[in-house]
Amino acid sequence: MSKETAFEAAYKLLNRSIIRYQGEPIGTVAAIQSSSLVAVNYAECFVRDFVPSAFVFLMQGETDIVRNFLKTVLTLSAQQPVMRGHDRAMGLMPASFKVVKDIDNNDRIVADFGERAIGRVAPVDSAMWWMILLRVYVVTTGDQALAHSPEFQQGMRQILQLYLKESFETSPAMLVPDGSFMIDRRMGVAGHPLEIQSLFYGMLHAAQDLLIANKENETLLATAKYRMQTLLSYVRFYYWLDIKRLNEIHRFGSEEFGPDAKNLHNIYPETIPDWIDGWLPEGMGYFIGNLGPGRMDFRLFSSGNLLAVMFGLATEDQAEQIMQLYDHHWDDLIGNMPLKLVYPALTGKEWSMMTGCDPKNVAWSYHNGGNWPMLIWMFAGAAIRSGRDDLAKKAVSQAMQRLHQDEWAEYYDGKHGDLIGRRANLNQVWSATSLIVANDLIESPNSMVLSESLIFY
Ligand code: GLC
């Protein structure tokens with residue numbers, strides 16, 4: 001099968017996935033499948049899943065659907081239902097939405113803010129992705145008027161008010177419940193997960209460009225800028241792990257009280273997992289998955305790391321070291337189908353405690369060490385930003401044939417991603433669109449503006 005055939009099929013899937021409201025395109029479904037095995041909500045448009053679809057549309061000059069999507073999600077966020085007895089904060093955006101017919105056969109949009117989702121999780125990442133996408137839309141189309149309209153300015157203010165509101169944080173990192181982002185089930189990712197911090201940084205960066213610098217926005221913009229800077233230095237130092245830092249942690253003193261503490265989070269060296277011994281060669285490193293009192297989650301989460309590279313949350317040197325680590329551990333981290341969402345998997349007691357015995361998240365499956373093709377656009381973006389186009393090319397050529405043959409599977413199981421995920425959907429739209437975006441970032445001149453707007457400098 002030729003490369004052209006694979007990409008033709010990917011575009012075909014994208015075009016079949018379009019959702020319309022009163023005849024206008026407003027989004028794309030998560031997956032197209034007739035099988036009854038598929039969860040009902042895969043026929044909805046998920047905000048995070050739509051992002052790579054939007055990039056493809058923008059590169060093709062089909063900007064209407066992206067504009068309609070941005071408007072729709074903004075309107076929906078003003079119509080949140082009351083959640084089990086308490087009012088919801090304005091500024092939260094839905095995880096997903098669908099178009100249904102009412103009794104008069106008129107189109108109606110129904111959103112899910114977590115009140116229908118499995119585990120009733122709050123989609124903290126949605127508003128972040130929305131604002132990052134809005135910036136990409138504005139840069140690629142030049143349609144600044146949309147972001148400057150009173151509704152969009154008001155919507156962005158509400159998001160920032162919610163996301164910058166002081167709560168129980170003791171650091172610049174954002175505190176969230178389990179499953180509040182792409183990993184939308186219990187997976188021991190409560191606290192300060194890296195992916196949320198990278199998206200937070202990306203969103204605050206986007207807000208600086210999108211909010212008009214007037215009197216009304218002055219304080220919010222200043223708070224956003226300050227938080228962005230403190231978050232940047234905090235993540236770059238405290239989340240970073242290389243052999244030098246591992247040595248420091250290995251010899252950490254503990255129970256340090258007062259302002260001069262070196263071991264700020266009171267991490268006991270005994271919590272360093274066995275797998276890391278010998279796994280981190282000189283000149284390579286990554287950001288750990290989570291950080292809190294007495295807790296370092298040493299797992300490597302790909303999206304948080306790759307977004308940190310793309311958005312410039314990582315220093316240039318850290319970015320190079322992260323990509324070097326992927327290169328060095330290619331079989332473990334990229335595998336047969338790019339690439340690992342989390343490495344390594346939780347097993348045994350740890351799995352039962354952290355996932356709540358979730359059978360979908362058994363070791364080396366789904367969110368717990370499965371391989372996700374949708375990560376390939378982030379991998380390509382990060383590789384390109386750090387001058388490792390060779391890695392992006394290798395991953396894309398590896399994924400292309402098989403993904404097409406496997407009918408755009410949602411995820412893969414196994415230590416090296418050899419097996420189609422046991423409960424994976426087929427025709428998963430972001431598996432196809434992410435491949436197109438990755439390939440375009442490498443090859444197509446149309447993607448120049450996309451990479452400039454995505455990769456913040
Ligand atoms: C799963 C994923 C989530 C995704 C959704 C739709 O729930 O965990 O991140 O948005 O499927 O594809």
Side-chain angles (χ1 to χ4, degrees), residues 13-14 16-17 19 27-33 35 37-55 69 73 93-98 111-130 132-133 176-190 193-196 198-199 301-304 306-307 339-342 345 355-356 358-362 365-378 403 407-413 420-435 437:
L13 176 61
L14 175 63
R16 277 173 58 211
S17 74
I19 296 182
T28 51
V29 295
I32 302 179
Q33 208 176 19
S35 156
L37 280 175
V38 171
V40 279
N41 60 355
Y42 279 99
E44 303 201 6
C45 176
F46 282 73
V47 171
R48 68 178 77 86
D49 294 45
F50 183 72
V51 171
S53 291
F55 294 161
F69 169 87
V73 176
M93 287 191 154
S96 63
F97 62 84
K98 62 181 172 184
D112 176 25
F113 290 86
E115 72 282 359
R116 283 190 283 119
I118 294 165
R120 306 299 179 265
V121 287
V124 179
D125 66 337
S126 285
M128 295 168 160
W129 277 121
W130 180 87
I132 291 165
L133 177 60
V176 294
D178 221 335
S180 58
F181 54 105
M182 186 275 158
I183 297 179
D184 53 2
R185 310 161 78 91
R186 183 171 159 194
M187 251 283 283
V189 289
L194 177 68
E195 178 166 333
I196 286 287
S198 297
L199 285 170
F301 288 74
S302 285
S303 45
L306 300 173
L307 292 174
L339 57 137
K340 277 273 173 271
L341 185 64
V342 180
T355 70
D358 186 346
K360 197 163 175 180
N361 271 335
V362 289
S365 183
Y366 199 49
H367 297 148
N368 185 16
N371 289 37
W372 287 70
M374 67 85 187
L375 290 166
I376 204 163
W377 78 263
M378 298 182 201
L403 247 185
E407 297 178 65
W408 315 106
E410 179 190 17
Y411 66 95
Y412 287 75
D413 287 347
I420 297 179
R422 184 169 290 159
R423 300 211 208 161
N425 297 322
L426 300 183
N427 293 316
Q428 182 81 19
V429 177
W430 66 354
S431 294
T433 49
S434 297
L435 185 71
V437 175

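Computed from a predicted model, the values in this text were never measured in an experiment. Note that ligands are numbered from 1 as they come in the structure, with each ligand's atoms numbered from 1 the same way.
- Of all atoms in ligand 1, numbered sequentially from 1 with element shown, those under 4.0 Å from a heavy atom of Ala30 are 6 (C), 12 (O).
- The nearest heavy-atom contact from the protein to atom 8 (O) of ligand 1 is His367 NE2, 2.7 Å.
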- Message: Is there a side-chain contact (heavy atoms from CB on, under 4.5 Å) between Asn368 and Val342? Walk through the geometry before answering.
- Response: CA-CA 6 Å; Asn368 185 16; Val342 180; 5.7 Å; no
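- Under the 4.5 Å side-chain criterion, counting only non-hydrogen atoms from C-beta, Asp49 is not in contact with Thr28.
- Nearest protein heavy-atom neighbour of atom 11 (O) of ligand 1: Tyr42 OH, 3.1 Å.
- Protein heavy atom in closest approach to atom 9 (O) of ligand 1: Met182 O, 2.7 Å.
- Looking at heavy atoms from C-beta onward, Ser303 lies out of side-chain contact with Phe181 at the 4.5 angstrom threshold.
- Against a heavy-atom cut-off of under 4.0 Å, Asp184 is close to the following atoms of ligand 1: 1 (C), 2 (C), 3 (C), 7 (O), 8 (O).
- Where the criterion is an N or O separation shorter than 3.5 Å, residue side chain and backbone included, Asp49 meets it with respect to ligand 1.
- Residues Trp408 and Pro373 have side chains not in contact (no heavy-atom distance under 4.5 Å, counting atoms from C-beta outward).
- Taking the six-membered ring for Trp and the full ring otherwise, Trp372 and Tyr366 have centroids separated by under 6.0 Å.
- Contacts between Tyr366 and ligand 1, counted as non-hydrogen atom pairs separated by less than 4.0 Å, involve the side chain only.
- Contacts between Arg185 and ligand 1 below 4.0 angstrom, taking non-hydrogen atoms only, are absent altogether.
- On a distance-only criterion, Phe181 and ligand 1 share no N/O pair closer than 3.5 Å.
- Using a distance-only test at 3.5 Å, with no hydrogens or angles considered, no donor-acceptor pair links the side chain of Gln428 to the main chain of Glu410.
- Using a 4.5 Å heavy-atom threshold, the side chains of Val51 and Ile132 count as separate.
- Close N/O approach between Gln428 and ligand 1 is found [any backbone or side-chain N/O within under 3.5 Å].
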